[in-house]
Amino acid sequence: MKKLAILGSTGSIGTQCLDIIRENREKYSVSALTCGSNTDLLEQQIKEFCPEIAVTESEEDALNLSKKYKDTEFFWGKKGLIEAASSECHMVMNALVGMRGLEPTYHAIKAGKDIALANKETLVAGGQIIMQAVNDNGVRMLPVDSEHSAIFQCLEGNRGRNIRKILLTASGGPFRGYTADKLEMVTLKQALKHPNWSMGKKITIDSATMMNKGLEVIEARWLFDVDADHIEILVHPQSILHSAVEFEDGSVIGQMGVPDMRIPISFAMAYPKRQKSSEPGPDFFGKASCLTFEKPDPEVFRCIKIAYEAIKAGGTYPAVMNAANEVLVGLFLDGRIRFTQISSTIEKILDVHKAEYNIELEDILEADKRARTETFRLVDL
Ligand code: NAD
Ligand code: MG
């Protein structure tokens, strides 16, 4: 039996991870479940999966639940997430959204746990420190993001072979093909309508701005130790090829499947095995359908350009970019700024940032905090 701690168990990835556990009860048990404010769903999950530890964002929620569920120990806030991440288990599934995922990931690695990582912000903000900790502690870091799961699978049996480039696919989001002028007019409702994937709100907006792909370039840079110059974004609206790797001999290996996050989640959970799925694979083979590929326009989707610049500049730049993006996406979701203010404000923040290099975890947390304050100051609502 594999024991899992699931951070962010009430979210899009977290609930799909629990779906897989539900279908494979003989293979998995749950040590910890955590949520933000969605305590109703957490309660249902506690009843069904009987974790030893459960965590809520607020102290009040944790204390209320602890009166009802005597077999589960309750914690709250950041300390609670770290407690869950270090709980007695084989693997930590980090399905938290945002920078709050960084510290629990770090502590889980230090506690010797394998990580299934959906929380890409962990690697964007702290990639160098996290991958160093992975190496030092001899744990596995298994990507859950579909593109990175694809790349990981393409590299199976090819470790040590020279990579010419990584082809990171992108659906292009709801505004694919838009001009910069047209992007000025888009609404929140339009931005929340992703063509292929149903996901949490933050990543849905990141997909619309294409910052999601920028974050993923940085995620790939750290996971696979490949320079950003060797990572190319390819817009592929059908979301069937989940990414590919070109090797030095010109051979390209890709991974395909229907756009269903349960495939990469299940792959990370079961690795090195594969788990049987009841869902059919893609049905386009033999039909008159096609897969198309085009280049994104980084002048229109400026977040792509910003992310490449941030990772090339290094140090605290990616953490600052990520922090500003999180604040701005939140403001956009609250209807307080326009869509294009997300990229234009991040650009301003990065322009004035004085980076630190040679960074420790504390420096990243500090840079993140300052960037958030600075972002609020700049938008001046
Ligand atoms: P989501 O918003 O659906 O879920 C986020 C989880 O974090 C929820 O359990 C929520 O309760 C919890 N949370 C939110 N605020 C919190 C707080 N203040 N304290 C503690 N917990 C809090 O997000 P998601 O779509 O599942 O995405 C999770 C991560 O996976 C993100 O980093 C995202 O980029 C990545 N990802 C998601 C998908 C997808 O299909 N949803 C695909 C690839 C990568
Ligand atoms: Mg992805």
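Start at 1 and go down the list; that is how both ligands and their atoms are numbered. Numbering of residues begins at 1 and proceeds along the displayed sequence.
Tested against Phe247, the residues Asn162, Ile253, Val252 include a single side chain to side chain contact (heavy atoms under 4.5 Å, CB included) partner, Ile253.
At most 12 non-hydrogen atoms from other residues, nucleotides or ligands lie less than 6.0 angstrom from CG of Asp71. Around atom CD of Glu88, no more than 12 heavy atoms belonging to other residues, nucleotides or ligands sit under 6.0 Å away. Summarising the local packing, CD of Glu246 is surrounded by more than 12 heavy atoms from other residues, nucleotides or ligands at distances under 6.0 Å.
Here Lys110 does not pair with Asp136 in a salt bridge; the nearest charged N to carboxylate O distance is not below 4.0 Å. The existence of a salt bridge linking Glu366 and Arg370 is confirmed by a sub-4.0 Å separation between a basic side-chain nitrogen and an acidic carboxylate oxygen. Salt bridge absent: Asp351 and Lys348 never bring a charged side-chain N and a carboxylate O closer than 4.0 Å. Note on Arg100 versus Glu121: no salt bridge recorded, every NZ/NE/NH1/NH2 to OD/OE distance being 4.0 Å or above.
Distances under 2.8 Å from the Mg ion (ligand 2) pick out the protein N/O/S atoms Asp145 OD1, Glu147 OE1, Glu216 OE2.
Annotation: cation-pi geometry satisfied between Arg159 and Phe152 (NZ/CZ under 6.0 angstrom from ring centroid, within 45° of ring axis).
Around ligand 1, the residues contributing at least one heavy atom under 4.0 Å from the ligand are Gly8, Ser9, Thr10, Gly11, Ser12, Ile13, Cys35, Gly36, Glu57, Ala95, Leu96, Val97, Arg100, Ala118, Asn119, Lys120, Glu121, Asp145, Met199, Gly200, Ile203, Met261.
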